[in-house]
Amino acid sequence: MIEPLLHILIAAVCCWLNFIIIDMIFNLPREGGVSGATAIAEAVRRGGGDIRGGTMMGNIVSSPDASAGTLLAACGVYCFGIAGGLTATVLVYIGNRICHDPGYAGTTGCFTATGIVYGGSLIGIPPSAFIAGMVLAILTIQGVWHPWSSRLLGAVWRWRN
Amino acid sequence: MTPEFIIGLIILLTGTVITAFPQRRDYLTRLINLEIPAFGLLLIALSYDETLALLTFIAVSTLSTFVMVLVIERTGGEP
Amino acid sequence: MPGAWRRVSTVNEILLWLFGAIAVTGSVYTGISRDPFRKLIAIGLLSGAVMPLLIDRGYVDIAIALSLILPVSTIVVLQLCRKGEP
Amino acid sequence: MVQQAPRGCLEVEELIPASPDQVALWVCSLVALYGAVRVITEPDTLRKLPFLNVFSFAISGIIALMIPHPLALVAAVAYFVGSTFESNAIASVYAGGMEKGEHRE
């Protein structure tokens, strides 16, 4: 009972670092891709948050980003092995095109997450731990307390510049 | 009595009552409320393991939504 | 015939009741709320809660069809929300 | 009426998840319950959408965890993309209504 929870926590830290780094590389907090992302950023700022972090949260909501790529790559490796991760990459690219997004962030995140999950399964962390870990990681960004998480994302964005 | 059957009955009854007595007497409110009994009937058909009924029902409820949206746009949305 | 794909990992019945509770809550919230956007968000909650019940029976194909059809239906209903007052 | 095969009875050992997949499934289910509660209790309409995103993440993880079959992967991707497209459309229409001068709170 304790050991799977420990694996899930380690996987959550790995997934959190993966999707934050990929999203910061592809300049997600700079501008909203669609008008819905800008509106969500404005709503988060009205609630006492940061506008840059709110923009990144709106971008995560409005199109499949590196976070979705990480989750679906973990699902693919869990269902089908390493070929499933590459299949998930193609499907995430198609989904990005449906949502009027260039799709670089989602595809790159999915591709790197396939490598991470496969390496984790070599060490001894099962792919199901990565699925639950990604769900916990998105919970810390989108689900706990919006002002706190948007200020954290804004601080990371200013540190990057 | 599987869980799907009981939950489907509860959702079907709730959706029927809510569609009959909506909060605002508006065509749009009634149209959105009409999707809830569809889910209830979906769960009841699921508990009897009828694949063809499930697919047909999903297609028919969606098509009826399209047709009703066209009709409401033509009448202007005033009840 | 209990579905084409039999489930591998056994699921407790508690989980089915949990998702059923989420579905009932979503349906009640859809009826109570007055704003059409809130109603549509609650419909999204209801459709998400129905999905594991379909998967647990093994109907993966119907889950794919439902998850592709429902957003189209929501977007068609959103055309009416653009005109009317909230 | 088709006779149903009886589901497995609940026993005390089944309440404690044993395998790692079961633990992951329980974690995803609890996160889904939390997301649903937060969606309902949030007062602002636009700020409901991130919680709905958390909920759809948890549901697509559950879809893949329940059946380890390649078609379940397609189902998870289809559900996630559909849910994202839906919230994108809702946010866009809500924002477009606000730009035209209609006051919505």
Side-chain angles (χ1 to χ4, degrees), chain A residues 1 3-5 7-8 11 34-40 42-44 46-47 57-58 60-65 67-68 71-72 74-76 78-80 83-84 87-88 91-92 94-96 98-100 125-139 141-144 146 149, chain D residues 16-28 30-32 34-35 38 42 44-65 67-74 76-78 80-82 84-85 87-96 98-99:
Chain A
M1 184 65 191
E3 193 175 356
L5 286 179
H7 283 168
I8 286 173
V34 289
S35 62
T38 316
I40 291 174
E42 199 62 29
V44 169
R46 263 188 284 125
M57 288 163 65
I60 290 176
V61 170
S62 337
S63 67
D65 277 325
S67 52
L71 177 78
L72 297 173
C75 291
Y78 177 75
C79 291
F80 202 45
T87 313
L91 290 175
V92 165
I94 294 172
N96 265 315
I98 288 175
C99 293
H100 303 289
I125 303 176
S128 60
F130 278 93
I131 299 176
M134 187 59 222
V135 172
L136 282 182
I138 203 68
L139 177 69
I141 292 298
Q142 305 257 26
V144 178
H146 285 167
S149 59
Chain D
I16 300 170
S19 70
D21 296 354
Q22 287 275 314
V23 177
L25 195 60
W26 273 96
V27 169
C28 286
L30 292 181
V31 172
Y34 173 79
R38 287 301 295 269
E42 175 69 36
D44 195 335
T45 304
L46 272 179
R47 267 182 281 153
K48 281 173 189 287
L49 290 173
F51 297 122
L52 189 67
N53 196 18
V54 172
F55 180 74
S56 68
F57 261 85
I59 291 291
S60 63
I62 286 167
I63 288 176
L65 278 174
I67 302 181
H69 188 275
L71 211 52
L73 171 66
V74 182
V77 176
F80 190 81
V81 172
T84 308
F85 194 41
S87 42
N88 188 358
I90 290 175
S92 297
V93 173
Y94 196 92
M98 278 169 64
E99 281 176 0

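So that the names make sense, note that chain A is the first sequence line, chain B the second, and so on, each numbered from 1.
Using a 4.5 Å cut-off between heavy atoms, A:Leu72 touches chain D through backbone and side chain atoms alike. With a threshold of 4.5 angstrom between heavy atoms, D:Arg47 approaches chain A through its backbone and through its side chain. D:Val27 touches chain A through its side chain: at least one heavy atom from C-beta onward sits under 4.5 Å away, while N, CA, C and O do not. For a residue to count as touching a neighbouring chain, one of its non-hydrogen atoms must lie under 4.5 Å from one of that chain's; by this rule D:Tyr34 touches chain A with the side chain only. Only the side chain of A:Leu136 comes within contact range of chain D, judged by heavy atoms closer than 4.5 Å. Both the backbone and the side chain of A:Pro64 have a heavy atom closer than 4.5 Å to some heavy atom of chain D. Using a 4.5 Å cut-off between heavy atoms, A:Leu71 contacts chain D through its side chain alone, with no backbone atom that close. Heavy atoms of D:Ser56 lying under 4.5 Å from chain A are absent altogether.
For the pair D:Val23 and A:His7, the minimum side-chain heavy-atom distance is 4.5 Å or more.
Under the side chain to side chain donor-acceptor pair (under 3.5 Å) criterion, A:Glu42 pairs with A:Arg45, not counting sequence neighbours. For the side chain to side chain donor-acceptor pair (under 3.5 Å) test, no residue two or more places apart in sequence or in another chain qualifies with A:Ser63.
Heavy-atom pairs under 4.5 Å with chain A were tallied for D:Ser87, D:Ala78, D:Pro50, D:Ala91; the largest tally goes to D:Pro50. Of the listed residues A:Ala39, A:Ser62, A:Pro127, the one with more heavy-atom pairs under 4.5 angstrom with chain D than any other is A:Ser62. Listed options D:Ala72, D:Pro70, D:Ala32 were ranked by heavy-atom pairs under 4.5 angstrom with chain A; first place goes to D:Pro70. In terms of heavy-atom pairs under 4.5 Å with chain A, the best-connected choice from D:Ile62, D:Val54, D:Asn88, D:Val74 is D:Asn88. Heavy-atom pairs under 4.5 Å with chain D peak, among A:Cys79, A:Gly76, A:Ala83, A:Ala129, at A:Cys79. Contact tally against chain D (heavy-atom pairs below 4.5 Å) for A:Cys75, A:Pro126, A:Gly133: the top residue is A:Cys75. In terms of non-hydrogen atom pairs under 4.5 Å with chain D, the most contact-rich of A:Gly95, A:Gly143, A:Ser67 is A:Gly143. Of all the listed residues (D:Val81, D:Asn53, D:Leu49), the one sharing the greatest number of non-hydrogen pairs under 4.5 Å with chain A is D:Asn53.
Pairing each heavy atom of D:Ala76 with each of D:Ile63, the nearest pair is N-CG2, 4.0 Å. For the residue pair A:Ala74 and A:Phe130, the shortest heavy atom distance occurs at CB-CB, 4.0 Å.
With rounding to the nearest 0.5 angstrom, the CD1 atom of D:Ile59 is 4.0 Å from the CZ atom of D:Phe55. With values rounded to the nearest 0.5 angstrom, D:Phe85 atom CZ is found 7.5 Å from A:Ile98 atom CD1.
In this pair, D:Phe57 and D:Phe80 present their aromatic rings perpendicular. The plane angle is above 60°, beyond the 30 to 60° band.
A donor-acceptor distance shorter than 3.5 angstrom exists from the side chain of A:Ser149 to the backbone of A:Ile141, with no hydrogens or angles considered.
When each of A:Val44, A:Val61, A:Ile40 is paired with D:Leu46, the side chain to side chain contact (heavy atoms under 4.5 Å, CB included) condition holds for A:Ile40 and for no other.
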